[in-house]
Amino acid sequence: MDPVTHTLAGVALGNALYRDRVPKAAFILAAASNLPDIDALSHLSFSINAVLLRRTFGHSALLIPLWCAGLAWALKRKWCRETMFSALFGMCLTGAYFHVFLDLINSFGVVPLWPLSGWRPELSIVFIIDLILTGILAAPLALAAMGLKRDLAIYSQASLALAGVYFMLCGSAHSMALGQ
């Protein structure tokens, strides 16, 4: 997925799941939902081999807890002093693993067991830049911008549910296209 969609997914998760309990939940989940793309920093080496590292160490299910602990620690020190570290860590894990899920269902895949395995699964049920999914995830913020902020948690929950239905429809269409 693209960074905009990952950010919108994080904001939707924050508003849907934590809005009432953690004041900065949307910000925390937006940051955490982009955390796995830390492996994109390998492109700063300007090496052709950097492409091989894309969606590896940042997207590794084995390393994500370490990245999330670092992000939770930084958030606790700077912006979220009033929130318990365990809550920050849990929110960071939620955002980061949802990011990996979104990357898993598109056509580039991820390397979830890096560095133990180079296996790169991909489900290819949505496009890397999927404007329908982006629109579904942006809808709660559009409604809030129109002055309907009091129901943002409900709109975000509905948005995530609709995204789930969209994933199922895309998966079904993918299976039919493959003749399965």
Side-chain angles (χ1 to χ4, degrees), residues 1-41 54-106 108-114 121 123 126 128 130 133-145 148-168:
M1 290 286 118
D2 61 284
V4 172
T5 305
H6 282 306
T7 301
L8 290 170
V11 170
L13 284 168
N15 287 328
L17 303 175
Y18 303 103
R19 180 177 171 79
D20 296 334
R21 294 172 286 166
V22 181
K24 298 175 183 168
F27 166 75
I28 295 164
L29 269 290
S33 292
N34 283 289
L35 182 62
D37 280 339
I38 196 167
D39 55 30
L41 293 175
R54 189 69 178 105
R55 295 193 181 174
T56 57
F57 62 87
H59 292 71
S60 171
L62 307 172
L63 296 178
I64 282 177
L66 296 174
W67 299 121
C68 288
L71 178 59
W73 177 81
L75 289 168
K76 177 78 174 159
R77 285 188 50 111
K78 207 68 165 153
W79 294 287
C80 302
R81 292 184 176 139
E82 70 285 353
T83 307
M84 291 178 30
F85 177 82
S86 59
L88 290 170
F89 182 63
M91 287 189 284
C92 289
L93 286 173
T94 300
Y97 280 119
F98 195 67
H99 174 116
V100 172
F101 169 75
L102 290 176
D103 282 352
L104 178 66
I105 63 173
N106 67 46
F108 193 72
V110 295
V111 186
L113 301 176
W114 192 92
L123 300 176
V126 297
I128 290 176
D130 192 310
L133 178 59
T134 303
I136 290 170
L137 294 171
L141 297 177
L143 291 169
L148 303 170
K149 290 182 182 169
R150 74 173 218 274
D151 293 326
L152 187 56
I154 294 168
Y155 297 146
S156 296
Q157 291 164 359
S159 172
L160 290 170
L162 186 57
V165 170
Y166 178 66
F167 297 150
M168 288 188 280

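Taking each heavy atom of L133 and M1 in turn, the nearest pair found is CD2-SD, 3.7 Å. Between L71 and A32, the closest heavy-atom pair is CD2-CA, 3.7 Å. Summarising the geometry of G14 relative to A25, their closest heavy-atom pair is O-CB, 3.6 Å, with the distance given to 0.1 Å. Considering all non-hydrogen atoms of both residues, A144 and L152 come closest at CB-CD1, 4.0 Å. When all heavy atoms of A16 and L160 are compared, the closest pair comes out as CB-CD1, 3.7 Å. Of all the heavy atoms in A61 and P65, the pair that sits closest is O-CD, 3.5 Å.
For residues 20-35, the pairs satisfying side-chain hydrogen bond (donor to acceptor under 3.5 Å, both in side chains) are T7-N34, with sequence neighbours left out. Annotation: salt bridge (Lys or Arg N to Asp or Glu O under 4.0 Å) contacts involving residues 91-104, sequence neighbours excluded, comprise R55-D103. Residue pairs meeting the salt bridge (Lys or Arg N to Asp or Glu O under 4.0 Å) criterion with at least one member in residues 2-14: none, sequence neighbours excluded.
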Query raised in the report: After noting the C-alpha distance and the side-chain angles of W79 and I28, does the key distance pass the side chain to side chain contact (heavy atoms under 4.5 Å, CB included) rule?
Result: CA-CA 9 Å; W79 294 287; I28 295 164; over 6 Å; no
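Note that CG of L143 and CG of D151 are 9.5 Å apart. Values are rounded to the nearest 0.5 Å. The distance from atom CG of L13 to atom CG of L137, rounded to the nearest 0.5 Å, is 8.5 Å. Atoms CG and CH2, on D37 and W67 in that order, are 12.0 Å from each other to the nearest 0.5 Å. For the atom pair CG of L102 and OG1 of T5, the computed distance is 8.0 Å after rounding to the nearest 0.5 Å. In this structure, the separation between OH on Y166 and CD1 on I136 is 6.5 Å, given to the nearest 0.5 Å. The CD1 atom of I154 sits 13.5 Å away from the OG atom of S159 when rounded to the nearest 0.5 Å.
The ring pair (Phe, Tyr, Trp, His ring centres under 6.0 Å) check on H6 picks up H99, with sequence neighbours excluded. Legend: residues meeting side chain to side chain contact (heavy atoms under 4.5 Å, CB included) with A40, ordered by chain and number and at least two apart, are H43, R54.
The backbone N or O of G58 lies less than 3.5 Å from no partner atom in the side chain of W114, so there is not a single donor-acceptor pair. For H59 (side chain) and P36 (main-chain N/O), a donor-acceptor pair under 3.5 Å exists by modelled atom type. For the pair S60 (side chain) and T56 (backbone), a donor-acceptor distance under 3.5 Å is absent.
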May I have the list of side-chain donor-acceptor pairs in residues 85-95 shorter than 3.5 Å, sequence neighbours left out?
from, atom 1, to, atom 2, distance (Å)
T94, OG1, Y18, OH, 3.4
T94, OG1, G90, O, 2.9

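A 4.5 Å side-chain heavy-atom check between N106 and L123 finds every atom pair outside the cut-off. Side chains of L8 and T134 form a contact here, defined as non-hydrogen atoms less than 4.5 Å apart. Within the 4.5 Å cutoff, the side chain of N15 has no heavy atoms near those of the Y155 side chain. Here the side chains of I38 and L41 are in contact, with some heavy-atom distance below 4.5 Å.
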